[in-house]
Amino acid sequence: MGKIKIKDILNGKYLQQEVTVKGWVRTFRSNRFIALNDGSCLTNLQIVVDFEALDEQTLKQITTGASIAARGVVVESLGKGQAYEIQTSEIEIIGVSDPEKYPLQPKKHSLEFLREIAHLRVRTNTFGAIYRVRHNLIYAVHKYFHEKGFFNVHTPIITGSDAEGAGEMFTVSALDLDHLPRTDDGQVDFSADFFGKHTNLTVSGQLEGETAALALTEIYTFGPTFRAENSNTSRHLAEFWMIEPEMAFYDLHDNMDLAEEFVKYLVSFALENCMDDLTFLNQRLADEEKQKPQHQRQEMGLLAQLRFVADNEFVRLTYTEAIDILRNAKPNKKKKFAYLIDEWGADLQSEHERYLVEKHFKKPVILYNYPASIKAFYMRLNQDGKTVAAMDVLFPGIGEIIGGSQREERYDVLVEKIKAIGIAEKDLWWYLDTRRFGTAPHSGFGLGFERLVQFITGMGNIRDVIPFPRTPGNAEF
RNA sequence: UCCUCAGUAGCUCAGUUGGUUAGAGCACCUGACUGUUAAUCAGGGAGUCGUUGGUUCGAGCCCAACCUGAGGAGCCA
């Protein structure tokens, strides 16, 4: 049993029928009303018990957190708070929960406290909603690409490529750390390791994804990604999930078109399929905003902002245009920026991106054609010889949600850039092969999945949108 | 990694210029209650004041180091 979900009962499918429901007790009031939740939806089902029909032992074990089965008839509720309820005289305690020790109480808990009990926080309204929205977005990612004819490619999680250049990596090793084999010059001898060479957890599936795009035309990856950077912010994780589409015969503008359409699709999908959970999260955010001083509050609520993003064109402007705007912006002239903008070529800081998105345009912004000097080696050099065909999608609140580029498909230009940054050609022999045999213009981008979930759920800290966050100093559970 | 702030009961917090036995709400326990909605009412238990060291007759309060958390910055997705 356990096939009947509370969601279906609340939809009215089982009115006047006898059913068995199973779930976890949220509250038990007046010795009579159980609020039962099975995770199928946000709303609890009210179980009305005839306590004279139950023995005292069973009654005592109906406590917050306990799992139970209840058998009874679905009826229209006599009370005001809900449409349906179950009248029952048959309760089975499946798993008891000592109320003195169970950490979740029917009251508000801080997100910081719930992070310490990540194995139980999914039993709260907020995290139940986040898990469900996250699932729907995972599904929407595959649905979108599948319907457009893209193929999902599993790129390796353990990589032997030393040259991805996207940050610090975690070494993967089966060597005995207490007795490390050494070479003659004292270095760790990775030739004695499992793979016969030094290997890492991947920081990006892009380079492998490119090889697939140059055969299947349109592909995407959706997998875990690892960064060993000591980042302690509300927007960074050491283990996160990234979506990386890669498309042959796309230039930078095709790439931006896809990125914008894709993000809007995901936002719309959530609005169409997760309205109950989003309405709850909208209210949660509104309550939280009320605690803040007025000048720090956001103008739009969560739902309003999601609709705004789904319905409006993103602004597109070049790095050069952005520098012009920023140079003449009030905070720059009044020296309010911590980093003042004066020269072309400066890297943009968070405060500048925020100004453009939240103050100047008040909508998502796509910046493109960045100086080559501040971007990765594989990005395609533009005709001006000083900018590359790179683009970043910037969102209010969370900043960079997508980073992408048209890739350098010209063998000679690519080899020059690889040499210039000091990577050995032989380490990328397989990547360079794609430029030697049937190379083609192609483009792609990376979307940080948790940042997207953050935006759609309105959660301020990225550690609250992944079930078990991995951050510096934290790998509990 | 840097800057700022915080750490007191299971949770959220108050705690006066350093001064007797450290408080509240919620939660929990006991009792009452057959239409409650974070139920309500009466009573009860509950603390190594983050850790270590120091100043002092006396430290939850002052000083130092460390640990943990949050916000911001850098790196980025």
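Each chain gets a letter, A, B and so on, in the order its sequence line appears, and its residues count up from 1. Note that these values count all heavy atoms, side chains included, but never hydrogens, waters or copies made by symmetry. As the structure is a prediction and not an experimental result, all values here were calculated from the model.
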For A:N474, enumerate each residue passing the side-chain hydrogen bond (donor to acceptor under 3.5 Å, both in side chains) test, keeping only those at least two apart in sequence or located in another chain. none

Distance alone, cut at 3.5 Å: any donor-acceptor contact between the side chains of A:R235 and A:T233? no

How far does the P atom of B:rA59 sit from the matching atom of B:rC63, given to the nearest Å? 16 Å

Would you mind classifying the nucleic acid contact of A:H236 as base, sugar-phosphate or nothing, using non-hydrogen atoms under 4.0 angstrom? base

Inter-nucleotide C1' distance (B:rG47, B:rG10), Å rounded: 12 Å

Looking at every strand, decide which applies to A:R26 at a 4.0 Å heavy-atom threshold: base, sugar-phosphate, or nothing. nothing

Under a 3.5 Å threshold, yes or no: a donor from one side chain and an acceptor from the other, between A:S204 and A:E244? yes

Please identify each residue that fulfils ring-ring contact (aromatic ring centres under 6.0 Å, His included) with A:H119, with sequence neighbours left out. A:F477

Could you check whether A:L237 gets within reach of a base, just the sugar-phosphate, or nothing at all, counting any heavy atom under 4.0 Å? base

Looking at B:rG10, does its base get a donor-acceptor pair with the side chain of A:Q105 below 3.5 Å? yes

Rounded to whole Å, the CD-P distance (A:E239 to B:rA77) equals 17 Å

Not counting sequence neighbours, which residues clear side-chain hydrogen bond (donor to acceptor under 3.5 Å, both in side chains) with A:Y319? List them please. none

Ring centres under 6.0 angstrom apart (A:F145, A:F222): no

Rounding to a whole Å, what distance do you find between A:N230:CG and B:rG74:P? 15 Å

Tell me the interatomic distance from A:L348, atom CG, to B:rC76, atom P, rounded to whole angstroms. 12 Å

Using a cutoff of under 3.5 Å, can you pull out all pairs of nitrogen or oxygen atoms linking the protein to nucleotides 2-7 of chain B, with atom names and distances?
none

So the ring-ring contact (aromatic ring centres under 6.0 Å, His included) pairs with at least one residue in residues 64-116 of chain A (sequence neighbours excluded) are A:H109-A:F113

Using the ring-ring contact (aromatic ring centres under 6.0 Å, His included) criterion, which residues pair with A:F127? Sequence neighbours excluded. none

Under a 3.5 Å threshold, yes or no: a donor from one side chain and an acceptor from the other, between A:E208 and A:T155? no

Base, sugar-phosphate or nothing for A:K375? Non-hydrogen atoms, less than 4.0 Å. nothing

Quickly work out the A:L104 CG to B:rC11 C1' distance and round it to whole Å. 10 Å

Results of salt bridge (Lys or Arg N to Asp or Glu O under 4.0 Å) for A:K334 - residues two or more places apart only: none

Nearest whole Å is fine: how far is B:rA73 P from A:R354 CZ? 6 Å

Pairwise C1' distance, B:rC2 and B:rA22 [rounded to whole Å]: 37 Å

Measure from the side chain of A:P99, starting at C-beta and using heavy atoms only, and say which of B:rG74, B:rC29, B:rC75 lies closest. B:rC29

For RNA chain B, what string of dots and brackets results from 5' to 3' when Watson-Crick and G-U pairs need both distances under 3.5 Å, crossing pairs get [ ], and pairs with another strand get |? (((((((..((((.....[...)))).(((((.......))))).....(((((..]....))))))))))))....

Assert: residue with more 5' nearest nucleotide on RNA chain B, out of A:R451 and A:P103, is A:P103

Between the side chains of A:Y250 and A:Q406, is a donor N or O closer than 3.5 angstrom to an acceptor N or O? no

At 4.0 Å (heavy atoms only), tell me whether A:I402 reaches a base, stays on the sugar-phosphate, or touches nothing. sugar-phosphate

Confirm from the modelled atom types if A:Q87 and B:rG35 form a donor-acceptor pair under 3.5 Å, side chain to base only. yes

Round to the nearest Å and state the distance from A:R235 atom CZ to B:rG72 atom P. 7 Å

When you measure from the side-chain N and O atoms of A:S350 to the phosphate of B:rG74, is any distance below 4.0 Å, counting only OP1 and OP2? yes

When you compare the side chains of A:D392 and A:Y370, does any donor N or O come within less than 3.5 Å of an acceptor on the partner? yes

Do you see a donor-acceptor pair shorter than 3.5 Å between the side chains of A:W344 and A:T320? yes

Looking only at atom P, what distance separates B:rG7 and B:rG50, rounded to whole Å? 8 Å

Under 4.0 Å, heavy atoms only, any strand: does A:F240 hit a base, just the sugar-phosphate, or nothing? base

For A:E408, enumerate each residue passing the side-chain hydrogen bond (donor to acceptor under 3.5 Å, both in side chains) test, keeping only those at least two apart in sequence or located in another chain. A:R410

NA contact type, A:T233, heavy-atom cut-off 4.0 Å: base, sugar-phosphate, or nothing? base

To the nearest angstrom, the CG-P distance between A:L120 and B:rG10 comes to 17 Å

What is the distance from CD of A:E229 to C1' of B:rU1, rounded to the nearest Å? 12 Å

Taking atom C1' in both B:rU8 and B:rG69, what distance in whole Å separates the two? 16 Å

Would you say the side chain of A:S231 and the base of B:rC75 hold a donor-acceptor pair, judged only by whether the two atoms sit under 3.5 Å apart? yes

Could you pull out all residues at least two apart from A:N230 that satisfy side-chain hydrogen bond (donor to acceptor under 3.5 Å, both in side chains)? A:N232

List in numerical order all residues of residues 470-477 of chain A for which some heavy atom is under 4.0 Å away from an atom belonging to RNA chain B. none

For every nucleotide of nucleotides 36-49 of chain B, 5' to 3': is a protein heavy atom under 4.0 Å from its base (B), only from its sugar-phosphate (S), or from neither (-)? BBBB----------

With a 3.5 Å cut-off and no angle check, do the side chains of A:H142 and A:Y220 form a donor-acceptor pair? yes

